[in-house]
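Below is one structure, written out as structure tokens; comments come after it.
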2 protein chains.
Amino acid sequence: MKAKGEKIRERIVEAANQLIYKKGFNAMSFADVAAVVAITKGNLHYHFNNKESLLQAVVEMRLAAIRQQLILWDAEFSEPKQRLKRFLQMLLNEQNELVRYGCPMGSLNMELAKQQTDLLNISRELFDAYLPWLERQFLLLKIKQSEQKARHFLSMAQGAALMCHVYHDQAWLLQECVVIEQWLDSLP
Amino acid sequence: MKAKGEKIRERIVEAANQLIYKKGFNAMSFADVAAVVAITKGNLHYHFNNKESLLQAVVEMRLAAIRQQLILWDAEFSEPKQRLKRFLQMLLNEQNELVRYGCPMGSLNMELAKQQTDLLNISRELFDAYLPWLERQFLLLKIKQSEQKARHFLSMAQGAALMCHVYHDQAWLLQECVVIEQWLDSLP
DNA sequence: GTCTATATGCAGATAGAC
DNA sequence: GTCTATCTGCATATAGAC
């Protein structure tokens, strides 16, 4: 538990986090990560045996951030609809990154979904962190089929992120956010 | 234009098409394609210099299929809403493949969107083939903001395909199709 | 056209000196 | 812990015989 040892681990995970988002998990190499952290590949392998353990660490870091964020939103807004709109606001706040690199969750899960089952099981936890929270908001609104509503909300957000990314088109994202917000407002 | 030469080319493109869908473009190797077609890697390189030309050929094949399909749908249904519902029916018809491998368009574009700009420009043509057709249907319905409606429709479909793929969950897809159809019915 | 053989590069991963 | 050196495997791609 040496302080310095912990620090380098954090720097590695942070570098991997950025590289996974900007290059994709498969395109990211140990050499890439080592270069950013300014250590050698061999040293990096001392800290993380393989790519899977690196992914695990990155996902855990993201999970901690997501959970903290949701707690914050719960405290910040008492109205469930306001909380859901805060979720949409997040898309707008990060519109530049979304257009360039896609959704950090969606793009990673999509990349791992085709064949790499073990890795997908790890990255899917990111969605799992959001879904119950979303469902709870619809439950609080006393809306029927709250699970289905949560899924629809998340689906629409992912679809918007995917399309605006493929077309590098901010306008697409903005318009989708408007439509999703209208859908929220149309609910009882 | 020798018949036999054309035939092997078609077999290569068909094999690549399947492998790109089921394994992903980057995970697919020349060795994979050669094995399916039962030729050697060297021979495959004689027909396609590099992966980009293979992708180009695959996309062109898919484009031809899409265009033919849209012409068919136009002939089959006179009502624009029926045509759009036929699009949703396609998702249901291929639900097993969607759950396993995702949307052939969406997963390919997502994979290429992060860094490989040249390849993305090729694969995006697939979306470009659908979008004007979708917009035309909303135009025929005399619906305002038909372009935005087409984008929303496609976004929702892509979101549904992504989520049902990541969760390997047919129910997710089915429910989203129901919701999207309700959205269509709610339009004037 | 199709093959074998090979060049080249980079990936993930390991061994062992310091 | 961090380094250098190296192994192994597989990828794209090319050369040249048949």
- Take the protein atom CD1 of B:I8 and the nucleotide atom P of C:dC3, then report the distance between them rounded to whole Å. 8 Å

- Task: Rounded off to whole Å, could you give me the NE2-to-P distance for the B:H47 and C:dC3 pair?
- Result: 9 Å

- Item | Spacing between A:N49 atom CG and C:dT14 atom P, to the nearest angstrom | 7 Å

- Message: Please report the distance, rounded to the nearest Å, between CD1 in B:I12 and P in C:dG1.
- Response: 11 Å

- Query: In whole angstroms, how far is the P atom of D:dG1 from the CD atom of A:E10?
  - Reply: 14 Å

- Query: Do B:E52 and B:Q56 get their side chains close enough for a donor-acceptor pair, meaning under 3.5 Å?
  - Reply: no

- Message: On the nucleotide C:dA15, are OP1 or OP2 found under 4.0 Å from the side-chain N or O atoms that A:H45 carries?
- Response: no

- Item | Pair B:Y101 + B:H165: ring centers closer than 6.0 Å | no

- Task: Pick out which of A:K149, A:R151, A:K144 makes a salt bridge (charged side-chain N to carboxylate O under 4.0 Å, His left out) with A:E147.
- Result: A:R151

- Task: Figure out the CZ/C1' separation between B:F48 and C:dG1, and round it to whole Å.
- Result: 14 Å

- Task: Treat primed atoms plus P, OP1 and OP2 as sugar-phosphate and everything else as base, then score nucleotides 4-11 of chain D 5' to 3': B for base contact with protein heavy atoms under 4.0 Å, S for sugar-phosphate contact only, - for none.
- Result: B------S

- Query: Would you say the side-chain atoms of A:Y167 and B:D128 include a donor-acceptor pair closer than 3.5 Å?
  - Reply: yes

- Message: Is the distance from the ring center of A:F153 to that of A:F87 below 6.0 Å?
- Response: yes

- Between B:R62 and B:N17, a side-chain donor and acceptor under 3.5 Å: yes

- Does a side-chain N or O from A:Y46 land closer than 4.0 Å to OP1 or OP2 of D:dT2, or not? no

